[in-house]
Protein chains: 2
Amino acid sequence: MTDVMTEASGATQRSSAARALGPDGAPAYDLIELLFFAYRDFVRDADEALAAYGFGRAHHRVLHFVDRNPGLRVTELLDILKITKQSLGRVLRELIDQGFIIQREGASDRRQRLLFVTERGDALALKLAHLQTERISRALEGCGDDVGAAARRFLFAMVDPEERDAVARLAMPGRPRGGRA
Amino acid sequence: MTDVMTEASGATQRSSAARALGPDGAPAYDLIELLFFAYRDFVRDADEALAAYGFGRAHHRVLHFVDRNPGLRVTELLDILKITKQSLGRVLRELIDQGFIIQREGASDRRQRLLFVTERGDALALKLAHLQTERISRALEGCGDDVGAAARRFLFAMVDPEERDAVARLAMPGRPRGGRA
DNA sequence: GGGATAAGTCAATATGACTGACGTAATGAC
DNA sequence: GTCATTACGTCAGTCATATTGACTTATCCC
C-alpha cells in the first residue's frame, strides 16, 4: 500500500496543500465539511419539490441541462452528467413519457435525437431553478459584496482542469435562457 | 477562461440578491451549475480511492465524521448525515467489521455506542482528506487572496439557517484533529 | 414499575448508478 | 456500393445508497 501518511506528514517538502492551508499541511477540514453541508442543503430544496412529480435528482439534472441547452444531443448530455447511457435511459424515458421533454431528429444528421423541453418541462425547470436561486440569493445577501464573484472563482477552480472549458461554456454568467421546442 | 469567471455581472448597483438573480430576476444558473460541477469533481477524488477498499461515498462520510469527532454517538452521526439508522446500519457494520471503526459503551450512559476510528481508520480518513485538500489547495492557489475566506462565508450561508449552529461547531476553521480510540 | 431513549435488526422497496452485449439506423470514407 | 463508425436505444443483471415500517434489547430516569 502506498504510504500516504508519511508522504503527507513529511516535513521535508511542502506540498501545495501545505502552502495554501497551513504550516503543518493540515487538511482543509472546514472547506471539506462546508462543501458537504452546503451541497446537502442545496439539493434538498429541489428534491422536495421533485417528489411531488415522482421524480428524483437525476430527473432534475437532465431537465435542467436540456432546459438550458435546447437541442442538446444525447451524447453531449451524457458527457455533461458523466453517466452511462443506460443510466440516462430510464430517467430520460420518464421525462419524455410524461411530457417534460421531447426529442427531434437532427436536421443535418438524422441519427441524432435532439432534446428540447416542452412548455411543461420549462415550467418545472424554472420552478426548481428559482428555488435554488432563492437559497443562493439569501446566502449572498448575508455576505460581503464580492463574495458572489469569489464563490464563482473558487467553484470554477474546483472543477477538473480538463473540464473547465466545457464548464465555462455551460455555466457562463449571464448566459441567456434557452428556448423551448 | 478566467475572464469568464472573474466577471461579476452587475453594471448597475443593486442589492446582492438582485445581482444574484440578474437584472430581470433570472435564476442564478452560473452558481447552480458551478456547484454541481465543482461537487461532482470534488467527490470523485475520494470515490476513486475508496473503490480500492470496496467502500463507497457513504463509508467515507461516516469515517470522516467519526475521525473528526471521536466518541460521536450514533444518533449524532445520523443527525449530521441526515439519513436513517437503517441506511447507516450496513455501512457502519462494514467499517467496524473491517477494523476501521470501533464502538465503546458510553461511560455515563451504557446505552450509547460511542464511535472511534482505529489507527487504520484514521489513516484512511486522513488519506482521503489529503486528496480533497489537494484539490482545494490548487483551486485556492489559482484564485485571489481572499477567495478562501469568501468561499467559506458563501458555503456557510448556503446551509439551512437552523443547521448553522451545528455546522459551525463541526466545521469551524482550525479545529484540531481528534484522537483515535 | 413504566415510559422514554439509544441502538440494532428484519423486510420490502426505490433510485441511481454500473458493466456487457446486442440491435438499428444513418453517416461518411473509400 | 460496401463497410467501418457513430448515435441511439434496449435487454439483462448487479451494486450502492437510500427509504418506510415494525420490532427487539438494553438502559435510563421519574
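What you see is a predicted model, and the numbers here were worked out from it, not measured in a lab. To find a chain, count down the sequence lines: A is the first, B the second, and so on, and within it residues start at 1.
Taking for each of A/K85 and A/K82 the nucleotide of DNA chain C with the nearest heavy atom, the 5'-most of the two is the partner of A/K82. If you find the closest nucleotide of DNA chain D to B/V91 and to A/T75, the one lying nearer the 5' end belongs to A/T75. Nearer the 5' end of DNA chain C, as judged by each residue's closest nucleotide, is the contact made by B/L114, out of A/S108 and B/L114.
Between the CG atom of A/L95 and the C1' atom of C/dG16 there is a distance of 14 Å, given to the nearest Å. Between the C1' atom of D/dC15 and the CD atom of B/E94 lies a distance of 11 Å, rounded to the nearest Å. Going from atom CG of A/L88 over to atom P of D/dG9 covers 8 Å, rounded to whole Å. We find that CG of B/D109 is positioned 11 Å from C1' of C/dA7, with the value rounded to whole Å. In this structure, A/R90 places its CZ atom 17 Å from P of C/dT19, rounding to the nearest Å. If you measure from atom CD of B/Q112 to atom C1' of C/dG8, you get 15 Å, rounded to the nearest angstrom. Per the geometry, CD1 belonging to A/I96 stands 14 Å off C1' belonging to D/dT10, to the nearest Å. Taking atom CG of residue B/L92 and atom C1' of nucleotide C/dA6, one finds them 13 Å apart after rounding to whole Å.
Although no hydrogens or angles enter the test, the distance criterion places a donor-acceptor pair under 3.5 Å between the side chain of B/R68 and the main chain of B/L170.
The base of C/dT27 lies outside donor-acceptor range of the side chain of A/R111, with no N or O pair under 3.5 Å. With hydrogens and angles left out, the side chain of A/Q86 and the base of D/dG9 share no donor-acceptor pair within 3.5 Å. One cannot find a donor-acceptor pair under 3.5 Å joining the base of D/dT27 and the side-chain atoms of B/R110.
Within 4.0 Å (heavy atoms only), B/Q103 reaches sugar-phosphate atoms of the nucleic acid but no base atom.
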**Study point:** Worked check of ring pair (Phe, Tyr, Trp, His ring centres under 6.0 Å) between A/F42 and B/Y39
**Key:** CA-CA 11 Å; A/F42 172 64; B/Y39 198 78; 9.6 Å; no
Exercise for review: Show your working on ring pair (Phe, Tyr, Trp, His ring centres under 6.0 Å) between B/F55 and B/F100 and close with a plain yes or no.
Suggested key: CA-CA 11 Å; B/F55 289 153; B/F100 291 88; 5.2 Å; yes
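In the region residues 47-64 of chain A, proximity to DNA chain D at under 4.0 angstrom, judged on heavy atoms, holds for none of the residues.
Phosphate contact (OP1/OP2 of C/dC18, side-chain N/O of A/S87, threshold under 4.0 Å): present. Dashed line: the shortest gap from a side-chain N or O of A/R73 to OP1 or OP2 of D/dA7 is under 4.0 Å. OP1 or OP2 of D/dT19 has at least one side-chain nitrogen or oxygen of B/T84 nearer than 4.0 Å.
Using a 4.5 Å heavy-atom cutoff, the side chains of B/I96 and B/I102 are not in contact. For the pair B/R90/B/H59, a side-chain contact is recorded, criterion being any heavy-atom separation below 4.5 Å from C-beta on.
Around the CG atom of A/D97, the shell of radius 6.0 Å holds more than 12 heavy atoms that belong to other residues, nucleotides or ligands. Counting heavy atoms of neighbouring residues, nucleotides and ligands inside a 6.0 Å radius, atom CG of B/D146 does not exceed 12 of them.
Remark: B/R104 qualifies as a cation-pi partner of B/F116 under the 6.0 Å distance and 45° angle criteria applied to the six-membered ring.
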